[in-house]
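Naming convention: chains lettered A, B, ... in sequence-line order (proteins, then strands); numbering from 1 in each chain.
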Protein chains: 2
Amino acid sequence: MAHYDDDSYNAALDRLLLLTVMLNDDMQRGLATDGLTPSRTSLLWTLRRIGPCPQQAIAAAMQVSPRTVTGLVDGLVATGFVTREPDPGDRRAVLVTFTPKGTAAVDSLIAQQREFSRQLFAAMPPERFDGLVAGLDDVLGTLHALGLRSPF
Amino acid sequence: MAHYDDDSYNAALDRLLLLTVMLNDDMQRGLATDGLTPSRTSLLWTLRRIGPCPQQAIAAAMQVSPRTVTGLVDGLVATGFVTREPDPGDRRAVLVTFTPKGTAAVDSLIAQQREFSRQLFAAMPPERFDGLVAGLDDVLGTLHALGLRSPF
DNA sequence: GTACGATAGTGAGCATGGCTCATTATGATG
DNA sequence: CATCATAATGAGCCATGCTCACTATCGTAC
């Protein structure tokens, strides 16, 4: 059947990749207004998920080297989003901990994301929305089957 | 109606962002095996679109500074993907030009992308595929209406 | 035809974010 | 206690982004 050939698949992937680029660019612009970089934001996000913890744990969760986490935490400490607290159970380790500013920043990111999702989807016909979600789930499942693992 | 509220919008955006991250990571891994970085690949891709041209034109097309293009071209020249040819009409300028290796690399990227799109979509029920594409187009249109511009 | 402003590219220098390897301090265990 | 493992960081590399200053060249106006 003419409509489900390589060209249509390719066109669909092009759309997906274009969306990828545009969403990334937009997020990055938004973060910059909060004084955050993508990597530092990723660390804050991880920290929110796994709680105050030594840098090793953050490195494992983010799948980067411990040395990289040292640098990111340096930046976040300098800009006031987190602090390094002593780990009461291990004097080698530090516990990376949110400051009030850090907590507020993450809360704000969550709120912005909710608002953005509303802008993206609220005006979409329910049927189309369901079709989009079903398609995305299918693709995510296929990626999983291809061996790509979610970073979370 | 209970199913089309903020939570479902948010869940859909989460899926989209997850897909974004996974596709980016996968692409980057693939490029690394070709000896390319994302930025250098982006330059090759741009060069393919606009043809041999001075670095200024590449900078404008990629929306980065001319100085950044100097660095990217330095890398691509060192790894043999492009050459700097004299511009016959302007002795200040250079024409960034594909080597055979560069042309082959871009062709290979296109082939890989087609193959990947096949893997993603060939097994998907046509109805779901259509629903996905319709949803993606809707989102892209909404982004456009929100003022986000495609980088191309 | 020359003098001057605009343009193409790059050097210098900075920030960020990856990495490895070496080092220090501490923990844990035999 | 000695030894090995682990947490963090210093040193130093590469890539990518930026600005600012500089050179070479272009084009134009005079």
* **side-chain hydrogen bond (donor to acceptor under 3.5 Å, both in side chains) against B/R128, all qualifying residues, sequence neighbours excluded** =>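 A/D138.
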
* To do: Could you list where the contact with chain B starts and ends along DNA chain D, reading 5' to 3', using a 4.0 Å heavy-atom cut-off?
  =>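 Taking any atom under 4.0 Å from a heavy atom of chain B, the span is D/dA15 to D/dC26.
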
* Could you identify which residues of residues 58-71 of chain B place a heavy atom less than 4.0 Å from some atom of DNA chain D, listed by residue number, or say none? =>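 Only B/V64, B/S65, B/R67, B/T68 qualify.
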
* In residues 72-89 of chain A, which residues come under 4.0 Å of DNA chain D by heavy atom? ->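 A/R84 - these, ordered by number, are the residues of the stretch whose heavy atoms sit under 4.0 Å from the strand.
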
Show me, pair by pair, the donor-acceptor contacts under 3.5 angstrom made by side chains of residues 22-41 of chain A, not counting sequence neighbours?
| unit_1 | atom_1 | unit_2 | atom_2 | d |
| --- | --- | --- | --- | --- |
| A/N24 | ND2 | A/T20 | O | 3.4 |
| A/T33 | OG1 | A/G30 | O | 2.6 |
| A/T37 | OG1 | A/R40 | N | 3.3 |
| A/T41 | OG1 | A/T37 | O | 2.7 |

* **Note, B/I58 side chain near B/C53 side chain (heavy atom, < 4.5 Å)** => yes

* Heavy-atom side-chain contact between B/L132 and B/M124 under 4.5 Å ->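 Heavy-atom side-chain distance check passes, below 4.5 Å.
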
Considering residues at least two apart in sequence or located in another chain, which fulfil the side-chain contact (heavy atoms from CB on, under 4.5 Å) criterion with [X]?
X: A/T46; value: A/S42, A/R49, A/I50, A/A61, A/M62
X: B/S117; value: A/Y9, A/N10, A/L13, B/F121
X: A/R91; value: none

* Does one hydrophobic cluster hold both B/F116 and B/L136, with members joined at side-chain heavy-atom distances below 4.5 Å? ->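 Same hydrophobic cluster.
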
* **Hphob cluster co-occupancy, A/L148 + B/V21, side-chain heavy atoms under 4.5 angstrom** =>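 Result: no, two separate clusters.
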
* To do: Please name all residues satisfying salt bridge (charged side-chain N to carboxylate O under 4.0 Å, His left out) with B/D87, sequence neighbours left out, ordered by chain then number.
  => none

Give a yes or no answer on whether the side chain of [X] reaches the backbone of [Y] with a donor-acceptor pair at less than 3.5 Å.
X: B/R48; Y: B/V106; value: no
X: B/T68; Y: B/V64; value: no
X: B/R15; Y: A/D137; value: no

* To do: Would you kindly compare A/R91 and B/A57 by the position of their nearest DNA chain C nucleotide and give the one closer to the 5′ end?
  =>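 Taking each residue's closest nucleotide, the earlier one in sequence belongs to B/A57.
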
* Asked: So which pairs with a foot in residues 92-115 of chain B pass side chain to side chain donor-acceptor pair (under 3.5 Å), sequence neighbours left out?
  ->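 For residues 92-115 of chain B: A/D7-B/R114, A/D14-B/Q113, B/D90-B/R92, B/S108-B/Q112, B/E115-B/R118, B/E115-B/Q119.
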
N/O-N/O pairs, protein side and nucleotides 6-8 of chain C side, under 3.5 Å:
| unit_1 | atom_1 | unit_2 | atom_2 | d |
| --- | --- | --- | --- | --- |
| C/dT7 | O2 | B/R92 | NH1 | 2.5 |

* What is the distance from atom CG of B/L47 to atom CZ of B/F98, rounded to the nearest 0.5 Å? ->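 One gets 4.0 Å once the value is rounded to the nearest 0.5 Å.
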
* Sorted by number, the residues of residues 26-40 of chain A with heavy-atom contact under 4.0 Å to DNA chain C ->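 By residue number: A/T37, A/S39, A/R40.
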
